[in-house]
Structures are given as C-alpha cells and as structure tokens.
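Just follow the structure's listing: the first ligand is 1, and inside any ligand the first atom is 1. Source: prediction; values computed, not measured. Below, each value reflects all heavy atoms present in this structure, side chains not excepted, and no hydrogens, waters or symmetry copies. Quick note: residue numbers are just sequence positions, from 1.
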Amino acid sequence: MGNCIFCGKPAGFLRRRHRECQDKYNRTWQAMLNRAKEAALGLGQLDDLNQQLSVLAQKGYVPQSKVNEVLMLGWEEAVSHFLEDGNLDAEEEKSLSEYVEFFGLTQDELDKKRAYTRFIKGAVLREIMEGKVPQRFKLSTPLPLNFQKSESLVWAFSDVDYYEKRTRKEYVGGSSGVSIRITKGVYYRTGGFKGYPVEKEETIHVDKGILAVTTKHIYFYGPNKSFRIPYSKIVSFTPYSDGIGIQRDAARAKPQLFVTGDGWFTYNLVTNLARM
Ligand SMILES: [Zn+2]
C-alpha cells in the first residue's frame, strides 16, 4: 500500500496519490502563478507576495522550495503579457523591472527561457515607438563597422544568414525537353531550340554575418559581403517568422532576406526605425 505523495496518507494499491490531492496541488500552483504574474504586472503588492505564496503553498501541498520558481515563472508570464496584448505598456514595463529588483532575480536565471531578452526587446520597441533612441544594447566587442556620427546603434544580431532572391530567365520546352540556363556572360547558341522564357525565382544563401540596426541604416557585415542600406532606400519590408525581407528602391535590386532567428522583433525594430 503506497502513501499519497501529497497528503502522506494511504492512497490505495499501487497508487501514489489521491486524485483530490493532485487537483488541489494543480489549483494551488496555478493560483500562486497568477498571484506572481499579477504582482509582476503591477496589479498586486510585492511586499507580502513571498508570504502569500508560502501560505498558499502550505495549504496546497506545494513544497516551500518551489516558491522561488513561482516567482520567476510569474515574471516570465508577465513578460509574455507585456509583449502580447498589443501595446507595450510603460507602467507594466516599470513594474516588471521593480519586481526583478525587489526579489533580487538575476538576468541569467530569468533568461533561461529567453524571457529577459524578450523583455529588453519589448522595452527597446516601446522606446522607438515613443520616438526615443534606445540605449539598451551593449556590445561585448566593437563592431567592425564605420557608423556615421549622426546615427546610433540600436541592436545587432550575430550569425545572421543573408539570402538574395534572384530571378533568372530560363528557357523551357523544346522538342528534346531540355532546359538551358542563361547565365550572365555566357551565351548559349540555341540554334533551332524552341522554348519560351519563364521567370524563375530562387533564394541563394550569400553569406553569414552581423546585422546591425542603427537609427539610419541597416548594416550587414560578413566574410563575403558587407553593405549598408539607408531606410529611405527601402520600399518594402516582408515579415518572416525567423527574419525579415527587404526590397530596395532600385531598378535592378533583388529582394534581400536576413534570418535573425526572431522575425517578430526584427520586423518591428526595423519598420519602426524606418518610420522615425
Ligand atoms: Zn492525498
């Protein structure tokens, strides 16, 4: 006969818990999490939060050692709320910072699931949308880029894959069914080859490097290719889940794609800076 892992009383043959005890634990855990989340969003007191969580924990079979975990999870959920309810609320951001300070939570522990990074990204976007130049991005090593005096660096992404979309003319069809690529600088005598040109698009990986975003330009720096593009020369931005596509305002410009790993942030960052 096993004992219930929650209440310690006999749970029945081959059983380790009572269903009611498990339910009580689950409800308590959720209640603790909500309490912490609301406090992190500025909707509850910080002073006695620890105490409140301890009392809840005790009544609902949650070990006291879990209180600190709840404090962190609550903050993470509050960050998600801050980013996902459509407006980056200044008060919420302030409360989130105060909560971190009050409980002495470290950036490392809050960033295990990238929550701290997402919080900073949200704060950067809010500042840009308010017309401020964010100063939150800190470089560990200087970038090999020559910025203009009148611009400031807002963010830099490393290990960014850079792609170009290229359109090539291809001749399709003909009796033999072959297709011949018309490559620049190479002339194929087609003779009696009958075909029709079709435009075919392909995406080519060009380089991997740093994408730096400033108040005036986006810069790419890689082993094969380096360039900068002023926002005024970009006619459209395309959001992707893991990056951004841009189209420059030039007759022969090819669509350019940058895979940063975070399309949401990259797209919001760049389009809002372009509007500044
Ligand atoms: Zn039980």
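The two atoms that bring F137 and L153 nearest to each other are CD2-CD2, 4.1 Å, heavy atoms only.
At least one donor-acceptor pair closer than 3.5 Å links the side chain of D111 to the backbone N or O of Y116. Side-chain N or O atoms of N272 include none that pairs as donor or acceptor with a backbone N or O of M129 at under 3.5 Å.
A salt bridge links R136 with E127: the distance from a Lys NZ or Arg NE/NH1/NH2 to an Asp or Glu carboxylate oxygen falls below 4.0 Å. Comment: D89 does not engage R126 in a salt bridge, judged by the lack of any side-chain N to carboxylate O separation of less than 4.0 angstrom.
Only protein atoms were considered; those of element N, O or S under 2.8 Å from the Zn ion (ligand 1) number 4.
For the residue pair S80 and R118, a side-chain donor N or O sits within less than 3.5 Å of a side-chain acceptor on the partner.
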